[in-house]
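Report on one structure; see the data block that follows.
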2 protein chains.
Amino acid sequence: MVGRQGQGGGAGNKAGARRAGLDFPRPLTSVDIVIFTIRLEALHVLLVRRGHAEGEPFPDAQALPGGFVDVARDRDLEACARRKLAEKTGVVSPYLEQLGSWGSATRDPRGWSATHAYFALIPASAAETALAADAQWFPLYGAGVKPRLAFDHQEILQAAVQRLRNKVEYTSLPAYLMPEEFTLPELQRTYEIVLDRPLEKSAFRTRMLSADLIEPIDKMRKGPNRPAQLYRLKAAAAPVYFARTFNAPE
Amino acid sequence: MVGRQGQGGGAGNKAGARRAGLDFPRPLTSVDIVIFTIRLEALHVLLVRRGHAEGEPFPDAQALPGGFVDVARDRDLEACARRKLAEKTGVVSPYLEQLGSWGSATRDPRGWSATHAYFALIPASAAETALAADAQWFPLYGAGVKPRLAFDHQEILQAAVQRLRNKVEYTSLPAYLMPEEFTLPELQRTYEIVLDRPLEKSAFRTRMLSADLIEPIDKMRKGPNRPAQLYRLKAAAAPVYFARTFNAPE
DNA sequence: ACACTTAGTTGTACTGTCCAACTTACTTAG
DNA sequence: CTAAGTAAGTTGGACAGTACAACTAAGTGT
């Protein structure tokens, strides 16, 4: 066992003059956020265009919003993520969940780096209001443009989509993509857009209503056809886990 | 927007002489592993006793195995985790999954630090063979000793247990805690130990067998009572997602 | 031979999905 | 003004899988 460093074990460092040997190279540490919303009947991600200053890797490429942790300003990782999210979208309290971390010697040409990835869901209404100048929404599946992403951001994005779709199968996550008031068919369409697959109407209704996470409000939406009951997310709406899945035929 | 750093946007740094300004303080970066096994009919975690060299925080406390990333030896985070796992247990290829990351200005008295936490499952048979001298198994729930843990490791451990128990509800994870050959009742007991709750026998059987992840082998275990069919994990046994849960009465 | 224990099966009740057909209410075309 | 069209929401039957209890089968110890 060679070159033992600090935290791990008991061995300790030789001298001890320099505060228990913290003088070894540290990886770069960043936070990246995968921000989803639904626009134009499709799932979209927010990407930012990278700069092309000298020494900047992946100049002019698209990337997930993010950046290095600022040890002076960020109290913790989540605060860092919220700061970057607010800077790019103006949204302050969306659904925010940690996705995972990616770190290796090669993912950033500037050196060993590790990024902490988060993913956020914001409602369509908030998606356009205070967007940063260098940020832009891109559709996920479908005929949309597929920009090449910087670093390993393609892999991170992939993981985020998979996590989102997995969780949608048995939780109430898509409710965070809805405006404050919505109808059940609208909610169902959101689920269908995220899953990219039609769902069963009656099963969806019974399950949604028995899940006790949305409540009907005393209003109706006067659609072009029949009027529809409006619902709202219940106060303490932690994601709820469902039992089965609901598939539609064909 | 002040003090923009590298990766994020386009602004770039003033001078550019020092390779696009990477000369800002970086957080300490470590990897910690929550290693579970089942011993003596109870879920156990591996903890290591910290040293008491000068400048070492939490001297003599118990902690999760882990330590700083070594940018010279570790190609990526997972390799770092596997290295530390092998150092402490001798096990080389267990079930290993990323759990999440914890980072803040205060979690380590030595400065802003971020840890990447993993969790591993190893079979009982491998739990004792090549244990490091400073490592020890601790039972999780039950009357066992509850050692105070260093850093925020209590929180990380908590998260690992919750993740494990959540996943057990609808996946085949506990199979990784089993020896190569096992009987269905043994597998069920493992599930029950992890969940700390009795399960329904017949529902467990039908679901396990229809899940297509274990296969009967041509042997029987000659228990003290009836002989029981032996099973083995199927080759490419990625965790399988089940539909519902199975509860036993009372 | 007997009680005791555990592996594994069987059968009934119940819950919730899958699926199609239906009713209700509003819009638009003629 | 009426008829056709469309979307919201309900109803009912087929089916699958869990919850639960009672059962059979095969070994052990006294």
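Convention: sequence-line order gives letters A, B, ...; per-chain numbering from 1. Here the structure is a predicted model, which means the values were calculated and not measured.
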Checklist entry - Please give, in whole Å, the distance from C:dC18 C1' to A:Arg205 CZ? => result 16 Å
Item to check | Rounded distance (Å) that lies between atom C1' of D:dA19 and atom CD of B:Gln188 | outcome: 14 Å
Checklist entry - With no hydrogens and no angle check, do the side chains of A:Gln158 and A:Gln162 hold a donor and an acceptor under 3.5 Å apart? => result no
Checklist entry - Between D:dA25 atom P and B:Met220 atom CE, what is the distance in whole Å? => result 15 Å
Is there any protein nitrogen or oxygen under 3.5 Å from a nitrogen or oxygen in nucleotides 28-30 of chain D, and what are the pairs?
{"residue": "D:dT28", "atom": "O4'", "partner": "B:Pro224", "partner atom": "O", "Å": "2.8"}

Checklist entry - What's the CD-P distance between B:Gln229 and C:dT9, to the nearest Å? => result 10 Å
Checklist outcome for this item: Of A:Lys201 and A:Pro227, the one whose nearest nucleotide on DNA chain C sits closer to the 5' end is A:Lys201
Next on the checklist: Between P on D:dA8 and CZ on A:Phe182, what's the gap in Å once rounded to a whole number?
Outcome noted: 15 Å
Checklist entry - Judged by modelled atom types alone, do A:Ser101 and B:His116 share a side-chain donor-acceptor pair under 3.5 Å? => result yes
Item to check | Polar contact flag, side-chain donor to acceptor under 3.5 angstrom, A:Glu200-A:Ser202 | outcome: yes
Checklist outcome for this item: Residues pairing under side-chain hydrogen bond (donor to acceptor under 3.5 Å, both in side chains) where one sits in residues 223-232 of chain A, two or more places apart or in two chains, turn out to be none
Item to check | Whole angstrom value for the distance that separates C1' of D:dG17 from CD of B:Glu200 | outcome: 12 Å
Item to check | Base C:dA7 to side chain B:Arg226, donor-acceptor N/O within 3.5 Å cut-off | outcome: yes
Next on the checklist: Just verifying a value: how many Å separate A:Glu215 CD and A:Leu233 CG, rounded to the nearest 0.5 Å?
Outcome noted: 9.0 Å
Next on the checklist: Please report the distance, rounded to the nearest Å, between CZ in A:Arg189 and C1' in D:dA7.
Outcome noted: 9 Å
Checklist entry - Shortest non-hydrogen contact from B:Leu46 to B:Leu64? => result O-CD2, 4.4 Å
Next on the checklist: Using a heavy-atom cut-off of 4.0 Å across all strands, would you classify B:Thr206 as base, sugar-phosphate, or nothing?
Outcome noted: sugar-phosphate
Checklist entry - For the pair made of CG in B:Leu199 and P in D:dG17, what is the distance, rounded to whole Å? => result 18 Å
Item to check | Heavy-atom neighbours of A:Arg75 CZ exceed 12 at 6.0 Å | outcome: no
Checklist entry - Looking only at N and O atoms, is any donor in the side chain of A:Ser202 or the base of C:dC18 less than 3.5 Å from an acceptor on the other one? => result no
